[in-house]
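The structure under discussion appears below in the form of structure tokens.
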There are 2 protein chains.
Amino acid sequence: MPRALPPLNALRAFEAAGRHQSFSGAAEELGVSHSAISRHVRGLEDRLGAQLFRDLPRGVALTQAGARYLAALSPSFDRIAEASEVFDQRPTGQVTVDAEPLFAMKWLIPRLGDFYRRYPDIELRLQANSAIADLGRYEADLALRFFHAGPEGQDAPLLSNAPLYPFAAPSVVSRLMPPEKILSLPLLRDRHADTWRKWAGLAGCAPPAGAPSDWRMRARLAYETALAGHGVLLISSEIAEVDAASGRLIQCSDIGFRMGSYHLVSAEGVMRRSAVRLFREWILDQSAGLRSVNR
Amino acid sequence: MPRALPPLNALRAFEAAGRHQSFSGAAEELGVSHSAISRHVRGLEDRLGAQLFRDLPRGVALTQAGARYLAALSPSFDRIAEASEVFDQRPTGQVTVDAEPLFAMKWLIPRLGDFYRRYPDIELRLQANSAIADLGRYEADLALRFFHAGPEGQDAPLLSNAPLYPFAAPSVVSRLMPPEKILSLPLLRDRHADTWRKWAGLAGCAPPAGAPSDWRMRARLAYETALAGHGVLLISSEIAEVDAASGRLIQCSDIGFRMGSYHLVSAEGVMRRSAVRLFREWILDQSAGLRSVNR
DNA sequence: TCAAAAGCGTGCCTTTTTCGCACATATCAT
DNA sequence: ATGATATGTGCGAAAAAGGCACGCTTTTGA
């Protein structure tokens, strides 16, 4: 669809001149000299091969063709201006977001600096609750939740579905250890006791010894334990990412599996509030992986 | 209404990039290098303070904000392109125009060169009839007619209402002669016998001698007679204009009066034909006095 | 496994566009 | 008549845009 538009700056000059029925007026509006407008209009007329203005004894007036052209251009520029104004506004309001504690700490909070910078006037209220509870009870607008089998019908877009991998502190493991060796270390369980059993199966090893229930603990504690160098943790790689990047954790195997995914759940009706919409858009962009370069 | 638009060329670059979901694609469409697109988009993002694209492993994709912006921009550019395409077309068709003989010769025909140049593919059929006759009878689409008292309710826009002045050949008169002296010359009558009587009254002189009916003749003949240096003619200055400019006639007094006006009359339904519309627009622009400079 | 291709970002330099200024011209108001 | 308004234009300066070459990453294909 090759669309050869006339020079856009000349169009803008003509549009302003047409509205003002005056080159000087347009020049003032656009903050340039009248000669710039004169040249632009003349150039546009040459380019289009049509006369857009006629000379009055003093000043100029649109020709019929010019008037028709203007009538098409003005609304277009209006729409462009309107759409551009959105970026000038500093949105305000409140958003209450409820996230699972570990996901909040390791995924959301590291990214929030960008949100605060982008929307300094939006008050973000962050809550951490691990239960898959209904949003209204916690008075949250949005929730970041883990689903084992997808959000099942709800309108809850995907945030992350990175697989689980074994991570541990560098004092405990090195990159790409053999599965048998990993399974011989203290195994920390995140959220579900049988994740290590499944992983051992994938790795072609015997299931880990020891009573599975021994090590069940809250996810945050398991994570801290791993950081402290007291065992190996099977955990979503997007959560371990921040500590892996800083060298505090090491992914010691490329064997992993997907156990579920994080989704964004919205409370009823909150999308009418612009602050909520903006947070939603922002977090979806984040989850899709925005350009790393920051202004 | 100060309307600060973002750089329009950057907008165009972004719009193309958004449609293609690709900088390279946009570059090809716009006939520039991909780096130009990249810079434009980056500059626009800086200017708006918002991220419009995100990086994909290979290529780019719109952010939520970028997608919304694109959805507003694309239709606007489409409309602009559509409105601009009008000028690319070479209109064709036929227009049949009926004009009073003298007005056709002295006003219309000298201007027609511009029409032929502008619309070389429109066939213009020119007729000359002096009667105020109905258009259908002459099979004309448009007529240029003289009205003594305005077109009275018809939709017949004004073409010219210049006043009558006395004109004669330079061998007969000089510029600004006293009315008495003018009235002593052979008085040629255009169209109405009592025009000289009225003019004499305005000049504060006695009405001209001689039987008024003696000199009534068709307007074209009276005009030719004046050109040949055989008398003074009271005639609309827009008709005498072309011969006055070339020095073949001289306006010998500034005393004049308005006797009526020329209007453009349209036949029923012909405005549906673009060639007729274009001629109408063209002649209205001409009558309003287009810029003299010609391309 | 290695090489080539597809895509985008960026520094550096050239080209093109745009602009402002000053002056000229014409008209209008006082 | 004179100053203010309004546009057209030549000329030199400034800015924007663009191209090229190169670097980086991912994908594809042999």
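The structure displayed is predicted, hence computed values, not measured ones. All chains are named by letter (A, B, ...) in the order of the sequence lines, taking the proteins before the strands, and each is independently numbered beginning at 1.
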Check this one for me: any side-chain N or O of B:His40 less than 4.0 Å away from OP1 or OP2 of D:dA16? no
Considering only side-chain heavy atoms of A:Arg39, which listed nucleotide, D:dG10, C:dC8, C:dC19, is closest? D:dG10
Using OP1 and OP2 only, check whether a side-chain N or O of A:Ser38 sits under 4.0 Å from D:dT9. no
Considering only D:dG18, C:dC19, D:dG8, which nucleotide approaches the side chain of A:Asp55 most closely? D:dG8
Do any pairs count as a salt bridge (charged side-chain N to carboxylate O under 4.0 Å, His left out) and have a residue in residues 79-88 of chain A, sequence neighbours left out, and if so which ones? none
Salt bridge (charged side-chain N to carboxylate O under 4.0 Å, His left out) partners for A:Asp254, two or more places apart: A:Arg175
Looking at every strand, decide which applies to A:Gly31 at a 4.0 Å heavy-atom threshold: base, sugar-phosphate, or nothing. sugar-phosphate
For every nucleotide of nucleotides 22-30 of chain C, 5' to 3': is a protein heavy atom under 4.0 Å from its base (B), only from its sugar-phosphate (S), or from neither (-)? -----BS--
To the nearest Å, give me how far apart CD (B:Glu45) and P (C:dC8) are. 13 Å
A:Ser24 side chain near D:dT5 phosphate (N/O to OP1/OP2, under 4.0 Å): no
Of A:Asn9 and B:Gly59, the one whose closest DNA chain C nucleotide lies more 5': B:Gly59
Round to the nearest Å and state the distance from B:Arg47 atom CZ to D:dA16 atom P. 12 Å
